[in-house]
Amino acid sequence: MRCSIAPAKIILFGEHFVVKGKPGLGVAISRYAKVCVKEGSNKIYSTQLGVLEKGSKYRALFDEAIEHIEEFAGKSVCLDIYVDSPIPIASGLGSSAAVAVALVHATLGLLNVEFTKEDVRKIAHEAEKAVHYRPSGVDTTLATYGGLLYYRRGEFRLLDDLQLPTDLSLIIVNTGIKRSTGVIVRDVLGRYERIKRVAKHIYEAGREIVRTALKAIKRGDKKLLGELMLVNQGLLWSMGASSKQCDELIYKLLDLGALGAKITGAGRGGAVIGLASKGMAKFIINELIKSGYEAFIAEPEYNGVRHINHDQLLPL
Ligand code: PMV
């Protein structure tokens with residue numbers, strides 16, 4: 001049996017504005033999908049979803065990935081696949097990309113073929129394309145390589161020399177509302193067209209936020225990062241990407257002492273993120289969990305996909 005883990009991701013700044021050619025900034029986080037494979041009879045078992053039957057909604061990703069793996073390896077494979085992914089689904093955290101990347105990495109390892117991380121990313125991206133409407137590739141890139149990613153117009157730059165300030169934790173809270181990226185992107189673009197002269201300034205401000213955020217990261221300026229998150233959230237709100245539930249959670253995070261908070265990814269549900277110093281984050285998370293929220297602390301993760309022993313627990 002061969003097992004691999006791959007991380008989830010969040011978008012720190014720039015979502016939606018990237019659709020009009022502005023830059024975005026994403027980071028991999030310490031929440032992982034673990035996939036184990038062994039020769040078998042095409043069974044897929046998920047800790048969270050149970051047995052994935054042939055033809056079921058979530059099965060397509062696996063079937064597509066296997067097809068591309070077979071093409072790459074030049075041989076056919078018949079596997080039993082075990083998935084353990086505590087990454088919330090359809091919440092903007094890149095859960096399917098993390099699963100696809102871990103699956104490809106584990107399977108290529110099992111097949112004992114030579115491969116690079118770039119091969120893993122490419123194959124996982126092909127599988128993602130089959131199940132998501134025009135995926136940007138951010139999720140598969142971050143699940144493969146980890147770290148901070150600057151991207152613009154399909155061009156990806158992994159910022160290997162940059163790390164978020166060390167005394168900083170990310171707080172992820174799930175609204176529990178699953179949403180479709182495609183639908184929200186279309187609605188936001190609709191507003192863009194209706195208020196183009198105004199929207200251009202909003203998007204330009206989005207670009208400046210990413211530039212200023214990069215400087216703040218280099219300087220280790222947590223407070224400024226939090227403030228930029230709030231401004232970014234205001235711009236996203238003005239374009240219709242937030243929702244009452246997201247806004248409530250953002251206020252909750254701020255009331256509890258977060259330095260900043262915003263939606264992450266498409267918005268109108270999914271996950272909301274907050275920034276806080278490490279000590280404060282522990283307090284905030286305890287309060288959120290006590291109040292019944294599905295929330296967790298995540299650290300930036302800089303390693304990306306890797307093998308793991310089958311009996312090894314997911315890192316927290
Ligand atoms: O919520 P997610 O992870 O699917 O991210 C969507 C990000 C958008 O900028 C809204 C769309 C895109 O393709 O970049």
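Note that ligands are numbered from 1 as they come in the structure, with each ligand's atoms numbered from 1 the same way. Just so you know, these numbers use all the heavy atoms, side chains as well, and skip hydrogens, waters and symmetry mates. No experiment lies behind these values; they were computed from the predicted model shown.
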Salt-bridge criterion met for Lys9 and Asp139 (N-O under 4.0 Å): yes
Side-chain ion pair, Arg121 and Glu118, N-O less than 4.0 Å: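 Yes.
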Contact partition for Leu93 relative to ligand 1, non-hydrogen atoms under 4.0 Å: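 Leu93 to ligand 1: no contact under 4.0 Å from either part.
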Region of Arg268 that comes within reach of ligand 1 [heavy atoms, distance under 4.0 Å]: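 Neither; no heavy atom under 4.0 Å.
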Could you tell me the residue and atom name of the protein heavy atom closest to [atom], and the distance to it rounded to 0.1 Å?
atom	result
atom 5 (O) of ligand 1	Gly265 CA, 3.6 Å
atom 9 (O) of ligand 1	His16 N, 2.9 Å
atom 2 (P) of ligand 1	Thr181 OG1, 3.7 Å
atom 3 (O) of ligand 1	Lys9 NZ, 2.7 Å
atom 11 (C) of ligand 1	Val185 CG2, 3.7 Å
atom 1 (O) of ligand 1	Arg179 NH2, 2.6 Å
atom 14 (O) of ligand 1	Val18 CG2, 3.3 Å
atom 13 (O) of ligand 1	Ser136 CB, 4.1 Å

Ring-ring centroid check Tyr203 His16, cutoff 6.0 Å: no
Under 3.5 Å donor-acceptor, Glu301 side chain and Asn303 backbone: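 At least one qualifying donor-acceptor pair exists.
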Distance-only donor-acceptor check, side chains Glu128 and Ser96, under 3.5 Å: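 Ser96 and Glu128 do have a side-chain donor-acceptor pair below 3.5 Å.
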Per-atom contacts, ligand 1 versus Ala266 - under 4.0 Å to a heavy atom: 1 (O), 2 (P), 5 (O), 6 (C), 10 (C)
Glu15 neighbourhood, listing ligand 1 atoms whose heavy-atom distance to it stays under 4.0 Å: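 Those qualifying, in numeric order: 9 (O).
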Pairwise disulfide bond (SG atoms under 2.5 Å apart) hits with a residue in residues 11-56, at least two apart: Cys3-Cys36
Derivation of the side-chain contact (heavy atoms from CB on, under 4.5 Å) call for Leu164 and Leu275: CA-CA 11 Å; Leu164 288 180; Leu275 270 191; 5.6 Å; no
pair Phe17-Leu235: side-chain heavy atoms closer than 4.5 Å: yes
